[in-house]
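Report on the structure given below.
Residues: numbered from 1 along the sequence shown. Counting starts at 1 for both ligands and their atoms, following the listed order. Side-chain atoms are counted along with the backbone in the values below, which use heavy atoms only and exclude waters and symmetry mates.
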Amino acid sequence: MHDTIRQEAQRLLVAMTRDEKIDLIHGVDGMWTRGVPRLGVRKLHMADASMGLRDDAIPATAFPASIALAATWNRDQAAAYGQAVAEEFRAAGMDVLLGPGVNMYRSAYCGRNFEYLGEDPCLASQMVTSYIRAAQAEGVSTTIKHFAANNSDWHRSCSNSVVDERTLRELYLPAFEAAIREGGTRALMTSYNLVNGEYAAENRWLVHKVLREDWGFDGVAMSDWEGIWDGAKAFQAGMDLEMPGGKRWGAKALKELLDSGRVTEAELDRKVLQVLAWTLEIDQMKARRTQAPRGKCAAHAEVALQTAREGIVLLRNREGLLPLNLPPGSRLTVVGPAACPTPTSGGGSARVNAIEPVTILGAISRMVGPDVTVTRRDWPDDLKQAAAVVVCVGLSAESEHEGYDRPWELHWQRDVNMIRHCMAHNPNTIVVVVAGGGVEMASWIDGTAAVLHAWYPGENGCQAIAEILFGKVNPSGHLPITIERSWSDAAAYGNYIPAGASFYNEPDYTSQCRATFDVNYAEGIFVGHRHFDRNGKTPLFPFGFGLSYTTFDYSALRVKPNAAGGADVTFHVRNTGARAGAEVAQVYVGDVQASVPRPVKELKGFARLVLEPGQEQETTVSLDRRAFAFFDVARQEWVVEPGEFRIWVGASAQEMRLEGKLVI
Ligand code: BGC
């Protein structure tokens with residue numbers, strides 16, 4: 001926080017009455033702060049921002065889901081996305097984005113995975129940092145959410161995440177830490193769940209110790225909507241703002257707390273100062289902008305489209321069926337529930353009202369031109385005549401939605417039987433999956449010719465699907481998650497929702513505080529690719545995986561200690577195929593010998609390289625000291641144990657192309 005802002009906030013604080021102070025730390029009318037009208041401190045207007053500006057009354061660009069953005073592994077794309085969303089906020093007169101979200105993908109069942117950035121703290125941290133910097137440069141505040149360990153939406157307000165500190169520090173907190181320390185987010189939202197026995201908003205260790213003391217966060221910590229149960233506890237934990245109203249911190253309740261001495265005036269002043277400073281900062285950030293704000297516009301549609309182009313992952317391409325090259329006079333059959341309409345997003349507060357979204361059927365029909373016939377059939381009986389069949393399946397805004405968890409298996413009758421039926425009659429069966437995370441594929445994938453994972457493509461991402469199918473775009477998305485063969489292979493298996501419970505619950509948004517249940521994060525730090533390396537099983541598709549229509553060679557690895565106490569990892573990548581493409585080179589680190597259990601390897605850096613055919617490029621990924629460290633709970637610090645570290649450069653977590661070492 002800037003000194004002049006702090007001074008101005010101090011000046012206002014002194015001029016405020018106690019009632020005005022109490023009013024300033026709880027919201028009003030759903031999405032507003034109250035401001036201090038008498039002193040000219042204005043109200044701030046907020047809106048959800050997981051996939052663009054969410055306000056039913058304002059037309060906005062529907063971007064692909066955050067998980068699709070993570071699949072681009074492109075920091076510049078994250079910046080373009082963040083900037084575009086923020087421009088729409090500013091044009092709509094909004095001040096605060098309620099997003100982005102960075103809860104780690106622990107289980108495919110989590111109903112909000114599509115709003116987050118995948119399973120890996122390094123990938124999520126780097127993407128979110130770029131997003132936040134670009135968004136806040138537009139003069140709005142971001143709100144990183146949902147802090148913390150909110151990795152399921154199954155009875156989300158009764159769920160107690162039992163996680164050891166090392167696991168929190170190494171896996172579930174780093175993306176928040178990066179959002180604060182690197183990205184500089186001015187606000188944070190706590191989650192609905194409990195963390196180690198205390199509701200997140202009431203958890204003093206989480207909010208006061210980790211967020212304020214350890215990370216030095218000097219922005220606003222707000223509750224999720226009605227996510228405070230015990231007003232005094234949340235007050236003492238170091239929260240600043242109750243949203244959306246004053247359920248626990250309303251005038252009557254807060255006065256009682258103050259008068260009884262359960263909470264102090266000094267702490268009230270600290271909170272007020274924080275909200276004042278935040279308001280002044282947003283005005284200052286806005287004033288620094290010279291460019292006019294832009295509402296929904298062609299440039300933003302282009303950012304959305306480009307995100308889809310780079311985020312869609314080609315998972316399978318048997319005998320190079322794709323890109324399709326259909327002879328004139330041929331027929332292409334498009335089937336499946338997601339063909340038309342195609343879900344643009346998951347549901348809940350992430351959902352942007354896309355006005356005229358493109359569908360897969362529509363995009364394909366437009367692309368093929370008059371020489372090829374596209375037919376849409378629900379249960380096609382003339383499949384043998386088709387040159388290829390595109391089966392569009394997946395989840396939707398109803399099945400994947402905050403407030404409950406989502407299925408892992410595709411709908412048996414509607415989706416899986418449809419895929420089987422098509423495969424039985426046509427060898428060129430291409431499956432397009434539309435969903436916010438991994439789905440069960442092992443039982444049907446073998447007979448398919450090709451599979452694309454399109455996530456939720458936003459308003460125009462179906463055009464990108466068609467462009468990839470027909471080769472106008474070379475796919476370059478890489479999985480930000482691991483896709484298991486079966487749920488029993490997943491890290492969280494056996495330690496997810498209570499044993500015997502059904503995965504789906506009745507929508508449970510902000511339920512009353514009832515009996516809580518524990519979710520034991522017994523696998524600790526071994527989640528996603530860390531889990532698969534450890535248990536020796538092979539996932540169906542590893543973290544970091546994604547096919548291209550070209551091929552890449554890696555060579556000339558050099559590892560040099562650097563001034564940051566880490567290492568510069570330099571290598572060459574060459575496009576050895578016949579067409580331009582982008583490769584995501586991933587740098588993994590493993591400690592050869594350690595005094596604590598450590599993953600075989602962990603992602604610590606990456607580079608996305610766009611290469612012409614035959615082009616070779618040298619690139620350097622710089623790793624800092626922390627890339628080699630583990631969190632030592634007893635010492636309360638990050639520790640690098642001297643010795644040898646392996647360094648790999650891979651095309652996925654299961655495909656190491658280069659190997660080197662570093663001795664520290
Ligand atoms: C969600 C938040 C959202 C808020 C406001 C809650 O139900 O969990 O992510 O920002 O509503 O819409």
Review point. Do we get Arg106 above Tyr521's six-membered ring, with its NZ or CZ under 6.0 Å from the centre and within 45° of the axis?
Key: yes

Exercise for review: Establish, from distance only, whether the side-chain atoms of Gln284 and His2 form a donor-acceptor pair under 3.5 Å.
Suggested key: no

Exercise for review: Would you mind listing which atoms of ligand 1 come within a distance below 4.0 Å of any non-hydrogen atom of Tyr192?
Suggested key: 6 (C), 7 (O), 8 (O)

**Study point:** Part of Glu115 with heavy atoms under 4.0 Å of ligand 1, whether side chain, backbone, both or neither
**Key:** neither

Point to revise | Lys/Arg cation over aromatic Phe235: Lys271, 6.0 Å, 45° cone | key: yes

Check your understanding: Are any of the N/O atoms in Trp225 less than 3.5 Å from those in ligand 1?
Key -> no

Revision key, fill the gap. With sequence neighbours left out, the residues meeting side-chain hydrogen bond (donor to acceptor under 3.5 Å, both in side chains) with Ser125 are none

Review point. Within less than 4.0 angstrom of ligand 1, does Met189 place any heavy atom?
Key: yes

Review point. Quick one: which ligand 1 atoms are inside 4.0 Å of a heavy atom on His146?
Key: 2 (C), 8 (O), 9 (O)

**Study point:** side-chain hydrogen bond (donor to acceptor under 3.5 Å, both in side chains) partners for Thr61, two or more places apart
**Key:** Glu88

Point to revise | Within-shell test, Met243 vs ligand 1, heavy atom, strictly < 4.0 Å | key: no

Review point. Going by heavy atoms, is Met31 under 4.0 Å from ligand 1?
Key: yes

**Study point:** Interfacing atoms of ligand 1 (cut-off 4.0 Å, heavy-atom, Lys145)
**Key:** 2 (C), 3 (C), 9 (O), 10 (O)

Check your understanding: Using heavy atoms and a threshold below 4.0 Å, how should the contact between Met46 and ligand 1 be classified: side chain, backbone, both, or neither?
Key -> neither

Review point. Can you name the one residue among Arg90, His45, Arg42 that meets side chain to side chain donor-acceptor pair (under 3.5 Å) with Asp95?
Key: Arg42

Study note, to complete from the structure: If we number the atoms of ligand 1 from 1 as shown, the ones under 4.0 Å from a heavy atom of Arg112 are 1 (C), 2 (C), 8 (O), 9 (O)

Exercise for review: Check ligand 1 against Arg54 and write out every atom of the ligand that is under 4.0 Å from a heavy-atom position of the residue.
Suggested key: 12 (O)

Point to revise | Ring centroid separation Trp215 to Phe176 under 6.0 Å | key: no

**Study point:** Ring centroid separation Tyr116 to Trp455 under 6.0 Å
**Key:** no

